[in-house]
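Here the structure comes first, spelled out in structure tokens, and everything after it is commentary.
Owing to the predicted nature of the structure, the values given are computational and were not obtained by experimental measurement.
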Amino acid sequence: MSSSDSELRSPASMLSAKSVAIVGASDRAPWPSRIYANLRDFGYQGQIFLVNPRQEKVYSQRCYPSLHDIGQPVDLAMIIVPAVHVSGVLSDAEAAGVKSATIYAANVGDGEGEESKARGAWLKNFFATSKLRACGPNCMGTFSYPERLFAYPNAELCSSPTGSVAVLFQSGGILQFWMKAAVDRGLGFTYCVSSGNEADLDLADYLNFVVDDPHTKQIVLFIEGLRRPQAFLRAAGRALAAGKPVLAIKTGATQKSRNAAQSHTGAIGGDYAAYLAMCERYGIVNCRSLDDLLETALAFQCGRRPKGPRIGFITNSGGTVDLLYDYAEAEGAVVPDFAPATHEALMPHMQEGISPKNPLDTGIPSTLKAAMDQCAVVASDPNIDIVAWSSPQPGKGGMWADAQELPKLLTRTDKPIVAFSRMIHQVNEEALAIQATAQFPFIQGLEPTLRALNGLWFHAQRAGHAPEMPGTPPPSNLTPGTLDATLQRYGIALPQSREVADAQAAADAAAAIGFPVALKIRSASIVHKTEAGGVILNLADKQAVLTAADTLVKAARAAYPNAKIDGFLVQEMISGVETIVGAQSDPLYGPMLLIGSGGILVELVRDAAMRLLPVSATDVDAMIDSLKVNDLLAGYRGKPPANRKALEAAATALGRFYLDHRARIEEIEINPLIVRASGAVAVDVRVAWSKEKR
């Protein structure tokens with residue numbers, strides 16, 4: 001029956017079904033024939049029933065006219081029939097007491113066709129009251145390796161050994177190709193799901209199921225969209241608390257920001273930036289490509305969490321060292337110098353005239369024992385958290401004849417160990433056997449290796465801690481009239497300013513504040529004043545203010561002919577580093593904070609970081625560290641440093657303010673928040689008031 005956005009439902013009756021029925025079984029139909037053969041040939045131990053009203057026997061087995069005619073309820077009905085027949089089969093399944101169904105047909109709610117839309121509407125109404133759990137429609141099925149239940153029309157993948165990786169994809173086609181590539185590299189699976197259009201069970205439900213599965217050690221996702229974000233966040237939080245890595249790739253990185261965005265905060269953020277902020281909070285390792293998704297999954301097979309981000313590289317090539325320097329900087333990887341004791345211990349392994357440094361070039365080692373001794377020295381370095389050994393493709397004979405030296409390295413350190421190659425290449429059976437012997441993964445490609453190792457540390461920092469989630473918005477009596485005082489009470493400093501109705505009042509207010517001043521147009525219709533020519537700075541006397549007021553009105557009327565001009569805002573001039581801080585509620589993931597470079601180039605520069613609220617001081621510190629504007633705050637090209645602590649305090653305060661008053665406001669943006677040596681001042685504050693509450 002229908003469920004709330006945060007409720008989690010179990011797919012156990014489907015993924016662990018003890019009895020199945022193939023509806024649409026036919027000797028001539030390829031998908032049901034392939035799935036039946038999978039169940040028969042690869043060890044499924046449950047009962048199998050065949051259903052087709054036009055056949056008495058299929059595959060030389062008895063065939064029933066309907067699910068009801070089986071005479072006993074089954075756990076899972078695989079509904080492999082044309083879209084037009086789906087509703088009748090589902091109604092029959094419910095009447096027969098079937099627990100779950102996989103609906104393979106397309107054109108059941110997807111696409112623009114009117115018939116498909118009508119079927120989708122029927123399906124929505126059906127699941128609003130039904131107790132039946134379902135995968136699909138428009139999916140390719142599932143693999144349950146512990147149960148040998150292979151409800152996907154692919155035979156090759158059924159022979160893969162059971163492993164520890166759960167794979168949950170919203171794309172059925174990509175699922176099998178990614179799984180094939182993963183098998184070729186030595187990965188094995190627990191449960192693999194193509195979830196399709198998710199009329200009932202969705203990604204959140206499957207994620208929650210594998211979090212509880214004792215055999216699943218890591219989870220890989222392909223995300224096109226989240227239908228129930230709060231349920232997904234609950235499941236992702238459980239995975240993080242359980243210490244199970246979740247790796248993901250999501251489509252939509254290049255979507256235009258929300259068309260209806262009312263602020264720079266919304267335009268900079270967009271859907272994908274909000275998704276990345278969610279990943280940061282919930283420890284989800286976001287991968288930029290399917291290849292990265294595979295290499296990162298392999299890296300997590302090492303089974304160890306690093307205690308820090310510092311990587312020690314052992315290579316056999318000076319060119320590899322040079323590339324690692326470049327790529328490490330681009331990827332933000334931490335590659336520290338070796339400690340003096342490590343330098344001394346490595347000297348006997350070095351070629352004449354070459355001094356040890358990280359990344360390390362020792363030349364080609366004579367034996368695997370020599371290579372492992374070098375790795376052990378690096379692993380013992382207190383400056384190193386992860387050991388990465390550059391290795392050619394393993395094979396038979398030569399140095400690889402003594403592959404038993406590889407697992408001995410794991411007894412000499414508790415740090416993560418990975419091997420890596422410089423380029424992507426095919427892997428043969430000998431290489432897979434040596435990887436299995438080594439008991440640590442062999443990753444391919446320099447940049448994917450760096451990103452995968454960064455992913456290990458990213459997850460390790462967050463694992464074991466359930467994220468804090470904001471509660472229901474508290475009541476607020478905030479009004480436009482109390483906004484400034486309330487911001488100041490939270491610790492957000494505002495410049496001296498006066499709102500006035502006409503030019504003469506603006507000149508008098510400027511004299512009272514003290515020159516120089518800034519003059520801004522006041523109009524509820526003009527959101528971004530600078531872009532409309534609605535701001536003039538550094539006015540030095542009253543005549544300059546009078547002239548500027550006339551200029552502002554003309555510019556405003558040219559840009560917004562129908563705008564109501566309310567007057568002017570006169571402000572003291574503040575100089576320093578221009579930043580932006582903003583807060584809003586993403587429709588999927590909830591309240592968020594943005595910090596970035598501010599001023600007139602904010603959307604062009606797009607130097608910003610976003611986090612889910614609430615944020616800690618550590619979160620805000622990390623956000624600012626990631627920004628280019630951080631260099632300006634520190635003092636750039638001879639300019640005096642600004643008060644970074646004041647920016648941190650103002651951003652943290654704005655986050656608290658928004659959480660406390662989001663019942664009254666949709667979003668708030670300070671641009672610019674000018675940071676100077678003496679503090680941070682909110683020069684321009686823009687609020688979108690809640691339409692329901694105002």
Side-chain angles (χ1 to χ4, degrees), residues 218 240 243-248 276-277 279-288 292-293 295-315 320-321 323-339 341-343 356-360 375-390 409-410 413-420 440-441 443 445-465 467 609-611 615-628 630-631:
Q218 63 167 307
L240 188 62
K244 291 193 177 184
V246 178
L247 284 52
L276 292 178
C279 288
E280 192 283 331
R281 177 58 54 88
Y282 285 84
I284 297 173
V285 182
N286 184 66
C287 299
R288 66 180 64 176
D292 271 12
L293 193 65
E295 303 306 327
T296 306
L298 275 165
F300 273 94
Q301 289 295 100
C302 74
R304 296 178 174 183
R305 290 183 193 153
K307 297 180 175 63
R310 302 167 299 177
I311 308 169
F313 286 102
I314 304 95
T315 84
T320 301
V321 167
L323 288 172
L324 283 171
Y325 279 130
D326 293 339
Y327 295 154
E329 182 172 334
E331 298 296 337
V334 181
V335 186
D337 293 333
F338 291 134
T342 304
H343 186 282
K357 59 183 179 181
N358 188 20
L360 180 67
C375 291
V377 172
V378 172
S380 67
D381 191 313
N383 295 341
I384 299 300
D385 303 302
I386 306 169
V387 177
W389 168 50
S390 176
L409 177 61
L410 298 175
T413 180
D414 62 354
K415 297 175 181 178
I417 305 289
V418 302
F420 69 97
F440 55 77
I443 307 175
L446 298 182
E447 292 168 293
T449 295
L450 285 160
R451 292 192 284 266
L453 298 184
N454 282 347
L456 288 180
W457 171 235
F458 171 84
H459 180 263
Q461 295 174 83
R462 296 159 177 79
H465 305 286
M610 293 184 75
R611 292 288 189 277
V615 294
S616 66
T618 301
D619 292 327
V620 172
D621 186 58
M623 292 172 74
I624 299 173
D625 276 344
S626 71
L627 299 174
K628 295 175 183 177
N630 190 38
D631 293 333

What heavy-atom pair brings [X] and [Y] nearest, and what distance separates the two atoms?
X      : Y      : answer
Pro306 : Ala460 : O-CB, 3.5 Å
Ala388 : Leu453 : CB-CD1, 3.9 Å
Ile384 : Pro336 : CD1-CG, 3.9 Å
Ile417 : Pro441 : O-CD, 3.7 Å
Pro359 : Tyr325 : CD-CE2, 3.5 Å
Asn358 : Ile311 : ND2-O, 2.9 Å

Backbone N or O of [Y] within a donor-acceptor pair of the [X] side chain at under 3.5 Å?
X      : Y      : result
Asn383 : Gly312 : no
Arg451 : Arg288 : no
Arg304 : Lys415 : yes
Arg462 : Ile284 : no
Asp385 : Arg310 : yes
Asp625 : Ala622 : no
Thr315 : Leu360 : yes

How long is the straight-line distance from [atom2] of [Y] back to [atom1] of [X], given to the nearest 0.5 Å?
X      : Y      : atom1 : atom2 : result
Glu280 : Ser626 : CD    : OG    : 9.5 Å
Asn286 : Cys279 : CG    : SG    : 4.5 Å
Cys287 : Leu293 : SG    : CG    : 5.0 Å
Thr449 : Ile443 : OG1   : CD1   : 5.0 Å

Among all residues two or more places apart in sequence or in another chain, which pass the side chain to side chain donor-acceptor pair (under 3.5 Å) test with Asp621?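 Checked Asp621 against side chain to side chain donor-acceptor pair (under 3.5 Å); matches are Arg644.
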
Output all residues satisfying side chain to side chain donor-acceptor pair (under 3.5 Å) with Gln301, sequence neighbours left out; order by chain, then residue number.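 Once residues adjacent in sequence are excluded, the partners of Gln301 under the side chain to side chain donor-acceptor pair (under 3.5 Å) criterion are Gln218.
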
Could you go step by step and tell me if Phe420 and Leu324 meet the side-chain contact (heavy atoms from CB on, under 4.5 Å) rule? CA-CA 12 Å; Phe420 69 97; Leu324 283 171; 4.3 Å; yes

Evaluate Tyr327 against Val335 for side-chain contact (heavy atoms from CB on, under 4.5 Å), listing each step before the verdict. CA-CA 11 Å; Tyr327 295 154; Val335 186; over 6 Å; no

Heavy-atom side-chain contact between His459 and Leu247 under 4.5 Å: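 Sidechains of Leu247 and His459: no contact.
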
Does the side chain of Pro467 come within less than 4.5 Å of Leu240's, by heavy atoms?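 With C-beta onward as the side chain, the pair touches.
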
Evaluate Leu456 against Phe300 for side-chain contact (heavy atoms from CB on, under 4.5 Å), listing each step before the verdict. CA-CA 7 Å; Leu456 288 180; Phe300 273 94; 3.6 Å; yes

Chi angles and distances behind the side-chain contact (heavy atoms from CB on, under 4.5 Å) call for Val378, Phe338: CA-CA 8 Å; Val378 172; Phe338 291 134; 3.8 Å; yes

Is the number of heavy atoms from other residues, nucleotides or ligands under 6.0 Å of Asp337 CG greater than 12?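 It does not: Asp337 CG has 12 such atoms or fewer within range.
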
Asp414/Lys307 ion pair, N-O < 4.0 Å: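 Result for this pair is yes, salt bridge flagged.
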
